Amino acid sequence: MDFIAKAVIIGLTEQAPLVLAAMGMALIYNLSKVINVAFAETITLGAYFAQWVNVFFGASFYLSLAVSGILAGALSCATYLVVFRTAERRGVGAVEVIIISLGLSVLLRYALQFVFGYEARFFETPPPTFLKLFDVGFTSFQLTAFILVVVLALLFYLFVQKTVWGRQVRALASDADLAKVSGINPLLTTLVMWFMAGAAGGLAGAFWGVASSAKPGLGWDRFLLTLLVVLVGGTRGLRGVILAGMGTGVLLSALKLEIAPLRAEIVLLVAFILVLKLRGNRFRELAKV
Amino acid sequence: MSAVWDFLFGSPAFLIFGTYTLMMIVGLGILLHLQLGVTGIGNFGVAGFWGAGLYSFGILQVHYDVGFWLALLAATAAGGVLGVVTGWVIADLDDDGVLAATLAVASIVFLAIESERGITGGRVGLGTIDFPFDVGERTDLAWLAILFGVTGVLLWYARRVHRSPYGRLLIATGTNEPLARSLRKPAKRTKVGVMALTSAGMGALGGLYGPIVHFLFPTQLTVAITVSVITALVLGGQQRPLGAFVGALLTVGLFDIVIKLYVPLPRDLLEHAFPVTKQVIFGALLIFVLLFRPLGFLGRMRRETHVKGLTRV
Amino acid sequence: MSEGNGQGTEGGAAAPGRAVIRIRGLTKSFGDQTVVHVDDLVLGAQPVEGLIGPNGAGKTTLMRLIMRSTRADTGSVTLDDGASEVALSKLAPHRIASLGVVKTNQVTQDFAGLTIWDSLLLAVAQRRDERPHRIYRERHLVERYGEEIQSYLDVFEFSEPGGFAHSTGEKKLLDLIRCLLLNPKILLLDEPTAGLPEDVTAQVIELLRAKVAAGMSVIIVEHDLDVIWGFSDVVHFMAEGDVILEGDPDYIRAHSTVVEKYLGSGHV
Amino acid sequence: MFEASGVRCGYEDIDVIKGLDFSVGEEVFAILGANGAGKTTLLSAIAGLLPLSAGRIRFGGETISGLPPWRIAAMGLGFVPQERGVFGDLTVLDNLRVGGLVARQARGDRIDEIMELFPALAGLRNQRAGTLSGGETKMVAAGRALMQDAKLLLMDEPTAGLSPLYVENFFDRIRQIHETKQVAIIITEQNATKALEVADRAMVLSLGEATTITDAKNLTTDQLRKGYQI
């Protein structure tokens with residue numbers, strides 16, 4: 001019981017941003033059918049944007065969050081318009097689009113160092129108080145961050161599920177042709193969606209960043225896990241992504257309580273690969289021959 | 001005349017090391033060409049297969065005093081086994097699944113090396129590894145000649161594959177797997193086979209890299225090497241055996257040899273701005289090439305003339 | 001279940017030497033919609049068999065179930081050559097093709113990277129030709145099969161036989177030739193002449209007739225019913241996922257059930 | 001209100017529709033033909049999903065060929081595709097609301113109207129459309145198109161694969177929609193008898209060409225059999 005409680009608390013507080021990031025990436029994946037490697041950089045830049053607003057303007061962390069979300073969303077839209085839309089219109093193949101997004105990821109990861117410098121950048125936040133639950137220590141800041149992530153994830157979920165725009169996004173993802181003949185303008189809807197996805201990624205980055213620092217590899221280091229959560233949970237919609245994200249966090253912290261952290265990550269990756277392998281078999285019906 | 005010689009080979013150690021790297025990228029690029037350009041398997045974990053070979057070789061040489069040939073064989077086998085497992089996993093995954101699985105394989109190799117310090121040395125490193133022979137001052141040049149030879153053999157093989165029924169099977173499997181299956185072709189086995197073969201090659205190249213660096217660190221296996229290989233191949237032309245060679249000259253050759261050694265850049269610039277700029281250019285090249293010239297510098301696979309010629313046999 | 005047989009057809013027994021496909025209890029549903037529900041059906045007993053029926057009757061799905069490019073929910077498909085019976089419904093698609101059951105495609109399929117000659121050499125190449133170490137095998141392949149391939153290319157006019165297939169029509173013909181090069185025992189044709197000009201359609205049918213005379217069986221789905229009426233020995237009429245009527249073309253053409261299923265009961 | 005002249009269209013380089021001229025007024029217009037005749041292709045082209053290789057389509061006095069599908073939809077043309085007529089991931093209510101994006105005023109009233117037209121849907125409001133039965137799916141698909149406040153409704157084989165009892169009922173609804181809502185309807189059908197019961201005029205399509213265009217009641221069995229090649 002104690003073990004489970006520990007695993008859950010550590011897993012959720014440490015990996016809460018993962019859920020937010022995965023929701024953003026899943027939205028792009030479901031609608032544009034694109035695995036966007038450069039989403040890693042949306043996450044990274046989210047951290048940098050928030051850090052910049054926080055330190056340069058002396059704004060509170062919460063205000064920097066809002067600005068960071070908007071900037072990351074705008075960046076996401078820009079990458080869609082400049083790169084992915086062009087690829088779509090030129091009929092570039094699926095593997096090639098992945099490589100293009102890899103190129104974009106590398107480009108952004110290094111270009112941002114020209115702007116923000118080569119060194120890691122730290123946030124200026126008031127010193128936190130330390131709390132304890134079930135023998136697990138965490139800071140008051142981690143707690144607020146966790147609550148904020150939960151609220152944001154919920155808002156994000158409600159936006160997609162309950163609003164007019166969310167409905168258009170889902171309709172377009174469900175069947176693009178039918179959406180078009182129903183009067184949905186695909187470009188506008190797609191842009192709204194890339195903005196939301198970017199904002200989610202940026203906010204996740206800001207939360208990760210404030211927990212350590214904003215550095216160029218921040219998003220890339222977490223990309224693989226985010227991708228696996230999206231691929232495994234994404235087949236069941238946003239709810240699946242949320243569950244897979246939380247499950248991953250808890251599983252990882254449970255493993256880390258038992259075995260060395262690096263080995264825990266290996267076990268987690270192997271588990272994901274096996275799930276992918278088993279899931280792959282179910283998609284063979286799509287063959288057209 | 002001797003001024004030219006001095007200019008070119010004034011710092012032979014750097015030039016030789018740069019050329020080693022170049023040859024590695026070309027070799028891995030040719031193998032990736034068989035995976036990506038021919039069979040359509042987007043392998044984003046090149047560093048993992050190569051690293052598995054490198055570390056198998058290193059561990060056997062350092063800890064168990066295994067001879068060069070046996071260690072090289074083990075490196076090849078390590079790449080091959082990893083290739084079989086990866087091939088089995090990705091055989092019926094779509095491109096997104098292949099991306100995730102290959103990235104995960106590379107990540108697992110990296111994590112395993114970092115975590116199993118007892119045999120890999122972890123971040124402290126593993127060494128030293130020496131050349132299997134010693135011909136005095138020119139040993140490194142001799143090793144370079146061997147690398148040239150190996151790369152040449154890989155290139156020759158890739159070109160022959162293009163002209164053989166096997167290559168056709170790979171292209172068919174890559175471009176339309178269900179159709180290939182309907183024509184009696186065992187698509188799954190073909191994919192596992194090509195992954196085994198090419199990954200074994202990557203493992204072998206990893207083994208050959210051991211003596212070059214003498215000391216192994218996990219940081220040698222980051223995604224940077226995968227990105228370099230992909231960039232070189234895509235830029236040169238992913239569908240052509242020579243693509244990786246041309247692309248590597250234009251990227252690694254230009255940046256890591258020509259500019260680094262022969263352009264007098266301030267030290268500060270060379271340390272920070274230069275590598276960053278290089279990566280920015282690599283990323284931009286990947287995007288532009290795939291958007292506007294998807295088949296790279298060399299263009300489309302040459303099939304027409306070759307088959308026409310054959311019909312007259 | 002067959003409502004009745006027309007003149008001169010026997011449902012079950014295979015003509016000597018002619019392999020047949022036996023289908024038992026085969027069902028396939030998408031969601032709550034049962035697309036195929038065939039209790040007992042033998043295909044290929046006659047040299048040329050047509051498969052027709054109104055929209056959504058399940059013709060294409062039935063063919064894809066036989067080739068296992070789609071999985072059945074229940075039931076079995078076997079290949080019976082008189083001496084032994086092999087369960088196709090347990091084999092991988094490439095094994096089915098190896099046994100001589102081959103299908104052309106309704107939606108045009110091609111290998112983007114392969115020229116016409118490439119594509120045809122691919123079709124004839126055997127497993128042993130395609131091993132990774134056989135990198136000098138090409139010459140053998142061309143010597144062994146070159147003339148056969150050329151003979152097909154002599155029948156149909158391709159704008160650039162040494163290059164890539166350009167139009168949909170060329171790709172469609174290429175698809176057919178690839179299948180014929182596998183020397184199938186039973187060839188399933190899914191709308192082989194859709195989109196082809198009339199003279200080419202005639203060439204296709206003529207070539208198929210020659211192949212049939214040499215022992216190949218043909219099962220054909222075609223929307224141009226004039227092709228069906230003129231080419232088939234037996235016609236299977238499918239509706240609502242099952243073959244409900246079998247008989248020779250004239251019998252089917254005049255049958256009230258067929259008219260009703262196509263036009264509705266008011267026009268029988 | 002609707003006019004097609006010299007229409008040719010198809011996939012890649014093959015024209016499935018090989019030159020069609022016809023016009024539709026305030027009526028129910030049936031397009032009949034066997035499979036492969038090109039009925040689905042034609043409707044997709046009218047809805048703007050498929051470019052014409054030749055010819056022109058006018059609707060409500062404006063040329064719509066060449067316009068993107070969402071613009072055509074906004075002009076009051078509703079399309080009910082044969083397959084995949086609903087958003088499977090969305091609930092029934094959300095499907096209807098998506099249809100209501102075009103004409104937002106009085107959307108709630110129209111949802112009520114549709115629930116009256118298809119009472120079976122009332123209890124299924126919050127069910128995912130992908131889990132519905134074939135007949136219910138068709139109702140949702142038609143309802144979604146009606147939510148667009150369409151002046152012309154294209155229905156592609158709305159009863160294919162459905163049980164006879166349901167077919168009867170659905171054709172009644174089609175007539176009802178036409179009469180109460182003053183919607184012109186183009187309906188494709190293979191089963192001529194049923195379609196001719198509700199249609200004012202009919203066109204028989206055979207391998208991409210019109211063999212007959214006439215008043216529904218004048219269409220003879222011979223004309224049909226010729227078009228269907230039986």
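Proteins get letters first, then strands, A, B, ... in listed order; numbering begins at 1 in each. Just so we're clear, the structure is a prediction, and the values are computed from it rather than from any experiment.
With 3.5 Å as the limit, one finds no donor-acceptor pair spanning the side chains of A/Asn36 and A/Tyr80. A donor atom on one side chain and an acceptor atom on the other are found under 3.5 Å apart for A/Ser105 and A/Arg109.
Both the backbone and the side chain of A/Val95 come within contact range of chain B, judged by heavy atoms closer than 4.5 Å. Residue A/Val34 does not touch chain B at all, counting heavy-atom pairs closer than 4.5 Å. The contact between B/Leu103 and chain A is made by backbone and side chain atoms together, counting heavy-atom distances below 4.5 Å. Only the side chain of B/Leu36 comes within contact range of chain A, with at least one heavy atom under 4.5 Å from a heavy atom of that chain. Both the backbone and the side chain of A/Ile266 come within less than 4.5 Å of a heavy atom in chain B. At a 4.5 Å heavy-atom cutoff, the contact between A/Glu96 and chain B is made by backbone and side-chain atoms alike. Using a 4.5 Å cut-off between heavy atoms, A/Ile99 touches chain B through backbone and side chain atoms alike. For chain A, no part of B/Val289 is nearby; none of its heavy atoms comes within less than 4.5 Å. Both the backbone and the side chain of A/Ala94 come within less than 4.5 Å of a heavy atom in chain B. In this structure, chain A has a heavy atom under 4.5 Å from the side chain of B/Gln238, while its backbone stays farther away. With a 4.5 Å cut-off on non-hydrogen atoms, A/Leu224 touches chain B through its side chain but not through its backbone. Of the two parts of A/Phe272, neither the backbone nor the side chain holds a non-hydrogen atom closer than 4.5 Å to a non-hydrogen atom of chain B.
Between chain A and the residues B/Phe288, B/Phe110, B/Phe44, the most heavy-atom pairs under 4.5 angstrom are made by B/Phe44.
Counting heavy atoms from C-beta outward, A/Pro216 and A/Glu41 have side chains that stay 4.5 Å or more apart.
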